[in-house]
Structure formats: structure tokens, C-alpha cells
Amino acid sequence: MASAALPEISKPKIVDGPGGYVLEDVPHLTDYIPDLPTYPNPLQDNPAYSVVKQYFVHVDDSVPQKVVVHKDDPKGIHFRRAGARQKVYFHSDDVYACIVTCGGLCPGLNTVIREIVCGLHHMYGVKKVLGIDGGYNGFYAKNTELDPEGGYKGFYAKNTVYLNPKVVNDIHKRGGTILGTSRGGHDTSKIVDSIQDRGINQVIDKSFGFDTAVEEAQRAINAAHVESESFENCIGLVKLMGRYSGFIAMYATLASRDVDCCLIPESPFYLEGPGGLFEYIEKRLKEDGHMVIVIAEGAGQELLSQSIQSTTDASGNKLLQDVGLWISQNPTYMIRAVPSNASDNVYCTLLAQSAVHGAMAGYTGFTSGLVNGRHAYIPFNRIIEKQNKVVITDRMWARLLSSTNQPSFLRPSTNLLSNENGSQKSLDKKVTH
């Protein structure tokens, strides 16, 4: 086991086993403080779970990263399975939890806030749960009594709300987040000092909502299709979220069947000449008299001038330009602010409960998410090591090209088929968005 007296959360914690088994584990409180006392899990006396057989997850349960392997392959990489343990490392009366939402909006934030609060309260008897207003950037605010020029919001400026099941009862029906959010600009050391000063021992932050985003995108695509059909040579253009990854645009296109062309950052394209986008647009308009284009916001950036590429937003993200005059000037983010749909509501509930179980069992430095259909605790370093992008040599992108009948826009000299089998997203949707 790669662990030291004080392991760093950013470094992988690896456990090797027989037959090529590799567990990419997450940090545990006992890595830092050995011989911590444990307590029986209150769920064993919870009448709601009294009829559930084998409810507690075994300490050695893990989830494999890959489902399809060859018979002679090693067992490969696994992640620790999420779920309730028989022993917990917090007594319910000693828990002081807080919840913070940060970054851009996505559907399901309020659902997860609700389920974390209800899970802590109903499953573990935790009564002290604090909501932090304004995200991590909310730790800085002007005109507070602590610092007129910069001050603290969030923890230091008392911009908090105490959460209980009654307070959060109906919040899942709203879009956005009741706690507010922000991007960038936080001082980690001062936040940690504030957590310690307040005696907070569990902090939970989340994001998700992919299914709802795709479903909501259908509304915009349907509207664009109806509009384009109503006028001669009309192009309906739908710009969707996708700064560096085109998953929402790809899945929304596959689900719609009304899209003639989908443009994403991972698939380069060119405008002029044979096989270019303009030639394809002209062809579709001659054949059908109208067309619908779905474009992820980051697509085609390489075609534009480099004048603002060094300019960034509060989170350090490069500010993007629009692709040509035929792109609308301002993208709409309506799919970010809607309430989550039924599928995401269920998913968010399971993610929230997995996070609660993991925190009570003493795990830290993890995000809960799906790996091959099973909930697991994924180490932070795996989440931040690279951006998850559409693989345009994968079968899913081929399915989209077949569905829309659009060209690949690859020039004849370009050959991207270096991997015969393509590749898949190694991890399913994760909790941190």
C-alpha cells in the first residue's frame, strides 16, 4: 500500500493484489490518525433497512474499471465500492457537516443538497448541517464587517443557513442552487482555518445533471427544427454547453433525430472547399430546404483569430469566441438552470447517499460516481488528471455520423484511426461536474 504517516490526497493510494488486481483507493481518516474509535452504524437499528439483506458493503468490495476484458488479461484497476459500512468513524452527535455548491450551474444541485441533508438526518441522526452561501468564491465578499475591502462571505461573514429536512423539503423542484455558487478566487488556507474554527468535520461539494441537460436540449432542438421548417433555406442553430467536451451536443443530437449536423471541440472541421461545412450546408438546403445545426460552444475555436485566447474568466478558463457570423452572438445556458428530471433525481439521490455513507465511514478525498453501473468512491486525482472528451474514433461518434449523415470533415490526408477498437469513457458520469 502506498501510504505514509501523512498521505497527500492528491497522490494516488494504490493497493496491489494477486492476479494483477489494482485498487485505486481513497484516503481514510486512519491514514492520518491511527487507532480511531469506531461506532456501530445506526442503520442497523433503522426500521427502513431492517428488511434489507446484506445491506452493508463488505470492506473488500470493489468495482472494476473495465467490464469487457480478454481471458488472459490481468484483473486490472478497481475502485472502492460505495455504500454503508457496518462501522462508522463518527458518532452522530459529534457530526457537524456543511454543504457548498460551486462552479457553473447544472440540473440536480438542489436535489443533492436535499438528499445529503435528509440522508444525514434520517439515516445517521445528524442534526447539525450547515449550508455555505455563495460557493467557494463566496468566502470573499465586499462590505462585510470583517474586511470592508475584501472581507469574507461564506464561513467568515456568517453567510450561512442551517439545513434540516423541513428547510430542504421542496427545493428539488427548483432549478439552480439555494446556496448560490461562484467561480474561482478562493483562499484555501483561510477556508480551512474557518472550517477548523467552526468545528466542521464533514464538507461535501457536488455537481451532475447530464441526463437533464440532454433532455432540456431537446426542447431547443425541437424549436429550432420547427422554426427552420417554416421558412425557405432556413438554418436552425442550437448552441449547447461544451467548452472542451462535446458529450451534451453528441447525446442530444443522437436523441433528437432532427439534427443535420453536430459540431464539437474534439472533431476539427473546416469551412471552405470540398468536404467543408459550407459545402455540406449548401447540399442540405438544396435537398431539404432547411437544416438544424447543433454546436458545442468550444467547437471551431482554431478557425478564429487568436486575439483573446489569453483572456480567462474567474475560474481560469479561456474565454471562447463564436465560430463565424453564422453563429448566434450569445449562447444560452437555459439547460443549466432547470430542475432535474426523474432520472437525474434518482441518480442524485443515490450519489448523495453514497457521499454520506463514505463520509461517515471515514473516507475522504473522494467523489462518488458510477463506474460500470456501480457506485464507487473515485479518488480526486483520477477526476482532475485529464478532461473527459469525446473520442471521435469511438463507436458512439460513428453512430452520430450515421444518424445525421453528415461528413466527418476530416481532410483526406488526416488519419485518426490509430486505435482499431476505439475507446470508451473510463468512468461514467461523476458527481463532481
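Residues K75 and P18 come closest through the heavy atom pair CD-O, 3.9 Å. The minimum heavy-atom distance linking P407 with L401 is given by the pair O-CD2, 4.0 Å. Scanning both residues, P379 and D25, for their nearest heavy atoms gives CG-O, 3.3 Å. The two residues N372 and Q65 make their nearest non-hydrogen contact at ND2-O, 2.7 Å. Annotation for G176 and L109: closest pair O-CB, 3.6 Å, computed over non-hydrogen atoms. Residue P40 comes nearest to Q44 through the heavy atom pair CB-NE2, 3.5 Å, listed as atom of the first residue, atom of the second, then distance.
By the neighbour-count criterion of 12 heavy atoms within 6.0 Å, atom NZ of K127 is densely surrounded, having more than that number from other residues, nucleotides or ligands.
Side chain of Q406 to main chain of C262: a donor-acceptor pair is present (N/O by atom type, distance under 3.5 Å, no hydrogens or angles). Judged by distance alone, the side chain of T177 and the main-chain N or O of L179 form a donor-acceptor pair under 3.5 Å. Although no hydrogens or angles enter the test, the distance criterion places a donor-acceptor pair under 3.5 Å between the side chain of D73 and the main chain of H70. With T349 contributing its side chain and N345 its backbone, the two residues share a donor-acceptor pair below 3.5 Å. When atom types are taken as modelled, the side chain of T38 and the backbone of Y89 share no donor-acceptor pair closer than 3.5 angstrom. Side-chain N or O atoms of H28 include one that pairs as donor or acceptor with a backbone N or O of A361 at under 3.5 Å. Side-chain N or O atoms of D133 include none that pairs as donor or acceptor with a backbone N or O of V161 at under 3.5 Å. Not a single donor-acceptor pair under 3.5 Å links the side chain of S267 to the backbone N or O of I264. Between the S256 side chain and the A252 main chain, no donor and acceptor come within less than 3.5 Å of each other. The closest donor-acceptor contact from the side chain of E297 to the backbone of M241 lies at 3.5 Å or more, if one exists at all.
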Can you list, pair by pair, the side-chain donor-acceptor contacts under 3.5 Å of residues 350-360, counting residues two or more places apart and other chains?
unit_1, atom_1, unit_2, atom_2, d
S354, OG, L350, O, 3.0
H357, ND1, Y124, OH, 2.7
H357, NE2, Y55, OH, 3.4

Subject >> Derivation of the side chain to side chain contact (heavy atoms under 4.5 Å, CB included) call for T101 and I113 >> reply: CA-CA 9 Å; T101 54; I113 293 171; 3.9 Å; yes
**OP:** Decide yes or no on salt bridge (Lys or Arg N to Asp or Glu O under 4.0 Å) for D31 and K13, but give the supporting numbers first.
**Re:** CA-CA 10 Å; D31 295 335; K13 180 181 175 184; 2.6 Å; yes
Original post:
When you look at V129 and I99, which way does the side chain to side chain contact (heavy atoms under 4.5 Å, CB included) test go after all the steps?
Top reply: CA-CA 8 Å; V129 183; I99 304 172; 4.0 Å; yes
**OP:** Take H172 and T111, measure what side chain to side chain donor-acceptor pair (under 3.5 Å) needs, and give me the verdict at the end.
**Re:** CA-CA 4 Å; H172 61 291; T111 300; over 6 Å; no
Original post:
Could you go step by step and tell me if C261 and M291 meet the side chain to side chain contact (heavy atoms under 4.5 Å, CB included) rule?
Top reply: CA-CA 8 Å; C261 184; M291 72 178 300; 4.2 Å; yes
**OP:** Before giving the answer on side chain to side chain contact (heavy atoms under 4.5 Å, CB included), spell out for V95 and N201 the whole-Å C-alpha distance, their side-chain angles and the decisive distance to 0.1 Å.
**Re:** CA-CA 7 Å; V95 174; N201 48 30; 4.0 Å; yes
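Using a 4.5 Å heavy-atom cutoff, the side chains of I293 and V238 are not in contact. Proximity of L120 to I116: side-chain heavy atoms (C-beta onward) are separated by under 4.5 Å at one or more points. In this structure, the side chains of N388 and F247 come closer than 4.5 Å at one or more pairs of heavy atoms. Here the side chains of L23 and Y21 are in contact, with some heavy-atom distance below 4.5 Å. Between I378 and F366, every side-chain heavy-atom pair lies at or beyond the 4.5 Å cut-off. Counting heavy atoms from C-beta on, the side chains of F79 and V26 never come closer than 4.5 Å. In this structure, the side chains of L163 and L130 stay at 4.5 Å or more apart for every pair of heavy atoms. Using a 4.5 Å heavy-atom cutoff, the side chains of L237 and I295 are in contact.
Sorted pairs that involve residues 84-105 and meet salt bridge (Lys or Arg N to Asp or Glu O under 4.0 Å), not counting sequence neighbours, are lacking altogether.
In this structure D61 satisfies the side chain to side chain contact (heavy atoms under 4.5 Å, CB included) test together with V57, H58, R81, sequence neighbours excluded. With sequence neighbours left out, the side chain to side chain donor-acceptor pair (under 3.5 Å) criterion links S408 to no other residue. Residues meeting the side chain to side chain contact (heavy atoms under 4.5 Å, CB included) test with N341, sequence neighbours left out: D211, T212, E215, S343, D344. Applying the side chain to side chain contact (heavy atoms under 4.5 Å, CB included) rule to P165 yields the partners V117, C118, H121, H122; only residues at least two apart in sequence or on another chain are considered.
Note on ring orientation: taking the six-membered ring where Trp is involved, the planes of Y377 and Y363 are tilted (angle from 30° to 60°).
For the atom pair CE (M250) and CH2 (W397), the distance works out to 7.5 Å, reported to the nearest 0.5 Å. Here NZ of K173 is found 4.5 Å from CG of D170. Values are rounded to the nearest 0.5 Å. In this structure, the separation between CD on Q218 and OG1 on T253 is 8.5 Å, given to the nearest 0.5 Å. The CG atom of D260 sits 7.5 Å away from the OG atom of S228 when rounded to the nearest 0.5 Å. Expressed to the nearest 0.5 Å, how far CG of D60 lies from CZ of R80 amounts to 7.5 Å. The line from CD of E115 to CG of N110 is 11.5 Å long, rounded to the nearest 0.5 Å.
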